[in-house]
Amino acid sequence: MEIHGYCDERFGALREEFERNFTERGDVGASCAATVDGEYVVDIWAGHRDGAKTLPWEEDTIVCVFSTTKTMTALCALVLFDRGELSFDDPVTKYWPAYGQNGKESTEIRHFMGHTAGLPGFGEKLTEAELYDWDHVIGVLERQEPWWQPGAECGYHALTQGFLVGEIVRRITGMSLGTFYRENVAGPLGADFHIGLNPAHFGRTAEMLSGGPIPEMPEEMTPEYMRGRVDGTPDVMPPATNTDGWRQAEIPAGNGHGNARSVVRAQTAIANGGTAFGVDLVSPATIEQIFREQGDMAGMGVKHGIGYGLSGLFVQQVPEDAKICYWGGAGGSTILVDHTNRACLSYVMNQMDMNMLGDERGASLTARFYEGLG
């Protein structure tokens with residue numbers, strides 16, 4: 001394998017592990033990046049951006065990172081909090097009156113941020129075209145009744161969360177989530193990450209490769225609140241993920257496009273007191289909001305805070321004394337923010353692995369990263 005890019009000698013074992021992801025674990029194309037104290041110590045990439053292995057994964061290759069996108073949406077809400085334009089304890093109806101229907105009147109913004117709002121699914125079946133229509137989805141969410149009393153349970157809002165938080169951002173700023181993110185986060189930081197991808201970037205976008213069907217949750221593990229409910233999400237796995245419609249839509253919980261370098265560039269400020277690359281993004285006090293525990297996510301073994309996970313999944317590789325927040329995406333992409341070590345690490349790939357208990361590729365890179373940190 002030919003590994004491109006830069007890797008500080010302290011992290012030579014990480015570079016070797018990255019290569020093993022290709023030689024032993026089936027990676028096709030991928031990138032890995034990390035910063036420590038706001039400086040890149042790893043920025044590597046390798047492989048191919050297509051399943052036929054005819055197109056090389058290049059320095060500027062980007063790809064869909066699925067739910068790693070959620071941490072970018074969280075940044076938008078944190079920026080608005082920092083500016084005093086919202087409080088996570090505000091009722092949703094303060095900004096979005098029509099949301100307060102059918103038992104959702106008591107919902108607070110923190111319920112959106114922590115997956116406790118009670119709308120983990122859409123409640124009715126959506127077509128792909130309807131999913132890509134923002135106003136249609138908002139209307140669907142407005143008329144639903146919650147699957148539980150808002151705040152009473154924590155269950156993964158896989159795609160709905162992005163629309164819920166995104167609509168708050170739109171109501172406050174008049175901008176779509178993707179536009180606000182571009183102008184207030186990605187643009188100032190120089191992060192090549194997109195929520196709603198311009199067709200001008202399609203030529204450098206990697207093909208997402210299926211990892212097989214999503215494993216079905218055993219009946220005995222299915223939470224009571226999900227039984228008899230309609231999730232309603234259309235198929236958003238490859239090949240749907242590679243269509244123009246998916247790429248161009250704004251689905252802030254699931255269709256961001258970037259690479260490990262850009263994911264890290266966007267999140268490094270959160271690991272460094274709110275400042276990175278010459279940009280003061282948010283204050284340290286705003287960052288502390290992330291660590292307000294909102295609940296234990298049903299079936300996932302994850303404690304969730306405001307916009308980020310706080311424990312569980314691949315972060316078992318992290319030393320216990322490290323204060324971290326993180327998330328990851330379907331198929332294997334990851335983002336880890338370590339506040340103790342002022343470090344940020346991401347892995348992004350195009351070959352999906354549908355192991356819902358954690359992807360060995362990202363976990364192994366995390367373990368080697370901490371070996372390098374010492």
Side-chain angles (χ1 to χ4, degrees), residues 67-78 80-81 86-123 137-138 140-169 171 177 217 221-233 251-254 286-313 315 324-329 356:
S67 287
T68 294
T69 310
K70 288 182 172 69
T71 62
M72 306 302 173
T73 299
L75 285 180
C76 294
L78 289 167
L80 290 177
F81 175 89
L86 68 77
S87 167
F88 295 120
D89 297 306
D90 282 341
V92 169
T93 52
K94 177 178 177 180
Y95 309 95
W96 181 4
Y99 186 79
Q101 304 179 41
N102 297 326
K104 303 194 301 299
E105 295 83 354
S106 65
T107 309
E108 299 173 8
I109 293 176
R110 65 186 178 90
H111 298 149
F112 288 174
M113 303 297 294
H115 298 268
T116 64
L119 287 186
F122 293 101
V137 172
I138 295 307
V140 168
L141 295 173
E142 285 178 346
R143 62 177 173 261
Q144 298 305 317
E145 64 176 12
W147 297 13
W148 62 78
Q149 178 65 29
E153 303 275 356
C154 184
Y156 195 35
H157 290 48
L159 285 189
T160 57
Q161 191 214 29
F163 290 104
L164 296 170
V165 177
E167 184 64 8
I168 293 295
V169 171
R171 297 271 172 156
L177 189 286
M217 185 179 292
M221 291 179 62
T222 302
E224 184 65 33
Y225 63 75
M226 290 182 64
R227 296 176 184 176
R229 298 286 188 174
V230 176
D231 178 286
T233 306
I251 304 175
T286 292
I287 293 171
E288 285 305 306
Q289 290 289 311
I290 293 170
F291 295 94
R292 295 175 58 190
E293 288 190 15
Q294 299 301 300
D296 293 313
M297 193 167 282
M300 295 182 70
V302 170
K303 287 188 183 298
H304 208 281
I306 297 289
Y308 296 74
L310 304 178
S311 68
L313 298 180
V315 296
I324 60 96
C325 60
Y326 76 98
W327 204 242
M356 294 293 105

Minimum heavy-atom distance between Gln289 and Ile306, given as atom pair plus value:
O-CG1, 3.0 Å

Heavy-atom pair with the smallest gap, counting every atom of Lys104 and Tyr99:
CE-O, 3.1 Å

Proximity of Trp96 and Phe163 rings by center, below 6.0 Å
no

Distance from Ile287 atom CD1 to Tyr308 atom OH, nearest 0.5 Å?
8.5 Å

Can you name the closest pair of heavy atoms from Ala253 and Lys70 and give their distance?
O-NZ, 2.9 Å

Are Leu86 and Val169 close enough that some pair of their side-chain heavy atoms sits under 4.5 Å apart?
no

What are the two closest heavy atoms between Gly309 and Val302, and how far apart are they?
CA-CG1, 4.4 Å

Polar side-chain atom of Asn102 near backbone of Arg143 as donor-acceptor pair, under 3.5 Å:
yes

Non-hydrogen atoms of Leu159 and Ile251 that approach each other most closely:
CD2-CG2, 3.9 Å

So, taking the atom named CG in Asp90 and the one named OH in Tyr95, what distance separates them when rounded to the nearest 0.5 Å?
3.5 Å

Would you mind reporting whether His111 and Ser106 have side-chain heavy atoms less than 4.5 Å apart?
no

Full working for side-chain contact (heavy atoms from CB on, under 4.5 Å) between Thr93 and Glu105:
CA-CA 7 Å; Thr93 52; Glu105 295 83 354; 5.6 Å; no

Side-chain donor/acceptor of Lys303 to backbone N/O of Glu293, under 3.5 Å:
no

Measure the CD-CG distance between Gln144 and Leu119 for me, rounded to the nearest 0.5 Å.
7.0 Å

Apply the test salt bridge (Lys or Arg N to Asp or Glu O under 4.0 Å) to residues Glu108 and Lys94: give CA-CA distance (whole Å), side-chain angles for both, the deciding distance (0.1 Å), then the verdict.
CA-CA 9 Å; Glu108 299 173 8; Lys94 177 178 177 180; over 6 Å; no

Just wondering, do Ile168 and Val165 contact through their side chains at under 4.5 Å, heavy atoms?
no

Between Gln161 and Ser67, do the side chains contain a donor N or O and an acceptor N or O under 3.5 Å apart?
no

Rounded to the nearest 0.5 Å, what separates atom CZ in Phe122 from atom OG1 in Thr160?
6.0 Å

Check: Thr116 and Cys154 side chains under 4.5 Å, non-hydrogen atoms:
yes

Checking Gln294 against His115 for the side-chain contact (heavy atoms from CB on, under 4.5 Å) test, could you report, in this order, the C-alpha distance in whole Å, the side-chain angles of both residues, the deciding distance, and whether it holds?
CA-CA 8 Å; Gln294 299 301 300; His115 298 268; over 6 Å; no

Quick one: does any side-chain atom of Trp327 pair with a main-chain N or O of Gly307 as donor and acceptor, under 3.5 Å?
no

With no hydrogens and no angle check, just 3.5 Å: does a side-chain donor-acceptor pair link Trp147 and Glu153?
no

Heavy-atom check, side chain of Ile324 versus side chain of Leu310, under 4.5 Å:
no

If you measure from CE on Met297 to NE2 on His157, what distance do you get to the nearest 0.5 Å?
8.5 Å

Could you walk me through whether Tyr326 and Thr68 pass the side-chain contact (heavy atoms from CB on, under 4.5 Å) check?
CA-CA 9 Å; Tyr326 76 98; Thr68 294; over 6 Å; no

Distance-minimising heavy-atom pair for Thr107 and Pro150
OG1-CG, 3.4 Å

Intermediate values then yes/no, side-chain contact (heavy atoms from CB on, under 4.5 Å), Cys76 and Leu177
CA-CA 8 Å; Cys76 294; Leu177 189 286; 3.8 Å; yes

